[in-house]
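Only one structure is covered here, and it is reproduced in the block below.
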Amino acid sequence: MTVNNSNLNIGSLMGSMNRTSSPMSGIYENLGQAKMIAGGGYHKLLSNYYKQYNKEGEAKTNNSTSADDAKTIERVKSSADELSKAAESLRGEKQYSKDNMDELYKKVSAYVDAYNDTVDVADDSNTKGVLSAGSKMVKSTAANESMLSKVGISVDSKNKLSIDKEKFMAADVNTMKTLFAGSGSYGYQTKLQASMMKNAEEVEAKKTATYNADGKYGNNYASSYNDYI
């Protein structure tokens, strides 16, 4: 049975970001999918999708509870925000020069740390928007793995990044600029997915606003998070 949903469909969740006719594009896409499967991301994404429907294919009633708890919501929002800022700091093209390598290394290192933290917290999330954006982010990184390696950045089997300072400092700054500067760059695509994760968790936070035991309308998310901190 085909399930139609205007807000979410399985094709949009599992589809690639930027399909091209290049022979290499299929290889990169399959690599990204393999890493998501190995990490369990696709299983969680599919489970989350099908939980919305009963066995007849009808949408289940939304009970206005969030998919993530307060702690996870805040962790995803904070990490995604840091990643977005780190990617944004690398967009200016004028900074890419051999005279500015120390500063560039600091910024790219901050990007790598924020990216890895976001991968961790996204894996802990059950929010479909976070899972979908995380999937696209990982696939984009896989598609750019060869170019990232040219500037000393490697990707491991758990989708984490690491940076080799010696290789980075000796790398071509134009390759760095291609990766991180401008609106069509790999870095900018990461920024977009990070922003989508943050927005998805902001929506989840609003879902927790319900009537409390005293009959007053309150926000369980806010109270739960205040208890946590």
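Here the structure is a predicted model, which means the values were calculated and not measured.
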State, without any angle test, whether [X] and [Y] hold a side-chain donor-acceptor pair at a distance under 3.5 Å.
X    : Y    : value
Q95  : K107 : yes
S140 : Q193 : no
S154 : S162 : yes
T190 : Y111 : yes

Could you check whether any side-chain N or O of [X] sits under 3.5 Å from a backbone N or O of [Y], counting only pairs where one atom can act as donor and the other as acceptor?
X    : Y    : answer
E204 : A67  : yes
S132 : G129 : no
D164 : K167 : yes
S84  : A80  : no
T118 : A114 : yes
D117 : S79  : no
S78  : E74  : no
D81  : K77  : no

Next item on the list: May I ask you to decide whether E88 forms a salt bridge with K85, counting only side-chain N to carboxylate O separations under 4.0 Å?
Entry: no
Note to self: Less than 4.0 angstrom from a charged side-chain N to a carboxylate O is my criterion; do D124 and R75 meet it?
What the structure shows: yes
Checklist line | Which residues share a salt bridge (Lys or Arg N to Asp or Glu O under 4.0 Å) with E202, sequence neighbours left out | finding: none
Note to self: Show, in sequence, the C-alpha distance, side-chain angles and deciding distance for Y96 and T178, and conclude whether the side chain to side chain contact (heavy atoms under 4.5 Å, CB included) test is met.
What the structure shows: CA-CA 10 Å; Y96 291 92; T178 299; over 6 Å; no
To the nearest 0.5 angstrom, please state how far the [atom1] atom of [X] sits from the [atom2] atom of [Y].
X    : Y    : atom1 : atom2 : value
Q189 : M137 : CD    : CE    : 12.5 Å
D120 : K158 : CG    : NZ    : 9.5 Å
K207 : I73  : NZ    : CD1   : 9.5 Å
S183 : K191 : OG    : NZ    : 10.5 Å
Y105 : K165 : OH    : NZ    : 5.5 Å

Check: Under 6.0 Å from the NZ atom of K98, do we count more than 12 heavy atoms belonging to anything else shown?
Finding: yes
Checklist line | Within 6.0 angstrom of K160 NZ, more than 12 heavy atoms from elsewhere | finding: yes
Margin query: Is there a path of hydrophobic side-chain contacts, each under 4.5 Å between heavy atoms of I/L/V/M/F/W/Y residues, joining V155 to F168?
Written below: yes
Next item on the list: Indicate if L90 and L192 have the same hydrophobic cluster label, given that clusters are the connected sets of ILVMFWY residues with side-chain heavy-atom separations under 4.5 angstrom.
Entry: no
Item checked: Near-ring test Y188/F180, centroid separation under 6.0 angstrom -> no
Notebook entry, point to check: How close do L161 and T141 get, heavy atom to heavy atom, and via which atoms?
Noted result: CD2-CG2, 3.8 Å
Notebook entry, point to check: Where do A122 and L131 come nearest, in terms of heavy atoms and distance?
Noted result: O-CD2, 3.9 Å
Note to self: If you apply the rule side chain to side chain contact (heavy atoms under 4.5 Å, CB included), what do you find for D172 with K150, and how did you get there?
What the structure shows: CA-CA 8 Å; D172 180 10; K150 293 180 180 179; over 6 Å; no
Note to self: The test is side chain to side chain contact (heavy atoms under 4.5 Å, CB included); show your working for M196 and E201 and say whether it passes.
What the structure shows: CA-CA 9 Å; M196 291 181 70; E201 289 294 29; over 6 Å; no
Next item on the list: Step by step, work out the side chain to side chain contact (heavy atoms under 4.5 Å, CB included) result for E145 and I153.
Entry: CA-CA 8 Å; E145 189 169 358; I153 300 174; over 6 Å; no
Next item on the list: Could you walk me through whether S97 and N100 pass side-chain hydrogen bond (donor to acceptor under 3.5 Å, both in side chains), step by step?
Entry: CA-CA 5 Å; S97 70; N100 196 38; 5.4 Å; no
